[in-house]
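Following: one structure in structure tokens, then a few remarks.
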Amino acid sequence: MAAPLDLDQLSTFIAIADTGSFTRAAEEVHRTQSAVSMQMRRLEGRIGKALFQKDGRTNRLTEEGERLLTYARRMLRLNRETLAAFDDASLEGHIRIGTPDDYADRFLPEIMARFSRSNPRVELSVACEPTTNLVEHIRRGNLDLALVTHDDSKGGSEPVRREPVLWVSSANHTVHEREVLPMAFGRPNCLWRRTACAALEEDGRQYRVLFTSFSATVIATAVLSGLAVSVLPECALRPGMRVLGEADGFKPLPDCHIGLMRGHTGQVEIIDALARHISESLDNLSVPAFIEETGSFDFQSAFLNPRGKRLRPGHVMNGW
């Protein structure tokens with residue numbers, strides 16, 4: 001039977017991938033640079049593939065190295081979760097997290113599952129509200145952590161993921177071709193709404209807001225029913241939606257960033273643990289995969305495929 005991979009070598013490998021440097025990685029894992037180099041030679045020998053290539057002073061991963069990185073992160077994460085499950089001194093307590101429901105359906109299953117496996121004695125309370133409400137809850141001490149739409153002009157959150165913001169319509173209707181465009185948006189202070197309205201006005205496109213709600217379900221219902229066009233982050237797209245592009249008369253919108261906002265509630269250890277799980281979860285989750293025009297949409301393969309490609313205008317989220 002083949003010998004198992006060495007977790008210490010994988011931990012060093014991840015440090016090199018994250019820092020881009022054997023020297024900085026050696027500092028992180030508290031080893032000498034020669035020891036780190038020896039570990040990587042042994043790992044490459046075990047894998048049978050070159051994992052790094054020089055790019056000036058930086059060490060970049062080869063294609064095989066990129067493949068291994070995905071597995072290495074999963075193996076180290078599972079190792080931590082296994083140890084935590086048998087740790088009698090593991091974290092205990094109660095933590096409150098908030099997120100808009102645009103992100104909840106897509107991200108919470110992975111976040112909650114991973115955190116609960118690693119911290120089975122921590123009670124997790126979840127609030128789904130718009131970003132503006134969540135920011136206020138953080139300031140008032142009502143939440144320990146919040147996953148929000150990051151706004152550079154306001155700050156206060158640490159960006160942890162980039163998401164394309166897309167024009168969307170129903171795959172089964174032509175509402176996007178109307179002379180006066182019916183729109184479904186979040187509340188007037190919604191960042192995506194302000195961005196979309198500014199883009200429409202700049203293009204001289206007539207529109208009328210027919211539906212306003214902070215609920216992603218309400219907005220999605222309006223779109224899927226063929227009643228309105230909307231803008232959504234790529235993670236919030238649903239089967240039955242069509243992505244609109246320049247060929248349809250809709251120019252690209254700026255990407256948005258998902259940010260992590262911390263409260264000042266004193267539960268530093270638990271907050272740090274959940275924040276780490278959130279960052280790792282969002283890093284591991286891919287964007288929805290490319291959908292062939294003749295293919296079908298599958299949530300499992302589309303959302304968990306680490307090499308999923310970005311959706312392009314005209315693609316239809318089949319299945320609704």
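These values consider heavy atoms only, across backbone and side chains, with no hydrogens, waters or symmetry-generated copies.
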Decide salt bridge (Lys or Arg N to Asp or Glu O under 4.0 Å) for E27 and R24; before the verdict, give the C-alpha distance in whole Å, the side-chain angles of both, and the deciding distance to 0.1 Å.
CA-CA 5 Å; E27 295 172 357; R24 290 196 293 272; over 6 Å; no
Test salt bridge (Lys or Arg N to Asp or Glu O under 4.0 Å) applied to E28 - qualifying residues, sequence neighbours left out
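None.
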Would you say H94 has more than 12 foreign heavy atoms packed within less than 6.0 Å of its NE2?
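Check passes, neighbour count above 12.
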Thinking salt bridges, do R42 and E44 make one under a 4.0 Å N-O criterion?
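Not counted as a salt bridge, because no side-chain N and carboxylate O are separated by less than 4.0 Å.
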Can you sort out the partners of T212 under side-chain hydrogen bond (donor to acceptor under 3.5 Å, both in side chains), two or more places apart, ordered by chain and number?
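Result, side-chain hydrogen bond (donor to acceptor under 3.5 Å, both in side chains) vs T212: R193.
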With a 4.5 Å cut-off on side-chain heavy atoms, are S279 and V160 touching?
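Yes, their side chains come closer than 4.5 Å.
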Are R262 and D144 close enough that some pair of their side-chain heavy atoms sits under 4.5 Å apart?
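R262 does not reach D144 side chain to side chain.
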Kindly confirm or rule out a cation-pi arrangement of R161 over F107, judged by NZ or CZ under 6.0 Å from the six-membered ring centre and within 45° of its axis?
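No, R161 does not lie over the aromatic ring of F107.
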Would you mind listing the cluster partners of L227? Hydrophobic ones only (ILVMFWY), side-chain contacts under 4.5 Å, chaining allowed.
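Other cluster members: L210, F211.
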Under 4.5 Å between side-chain heavy atoms, hopping through other hydrophobics if needed: is there a path connecting L43 to Y71?
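In one cluster with L43: Y71, no.
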Pairing residues for [X] by the side chain to side chain contact (heavy atoms under 4.5 Å, CB included) criterion, not counting sequence neighbours:
| X | value |
| --- | --- |
| E177 | T174 |
| L253 | V165, W167, T195, A199, V231 |
| I16 | T12, F22, A25, V36, M40, F52 |

Between D203 (side chain) and R205 (backbone), is there a donor-acceptor pair under 3.5 Å?
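Such a contact is absent between D203 side chain and R205 backbone.
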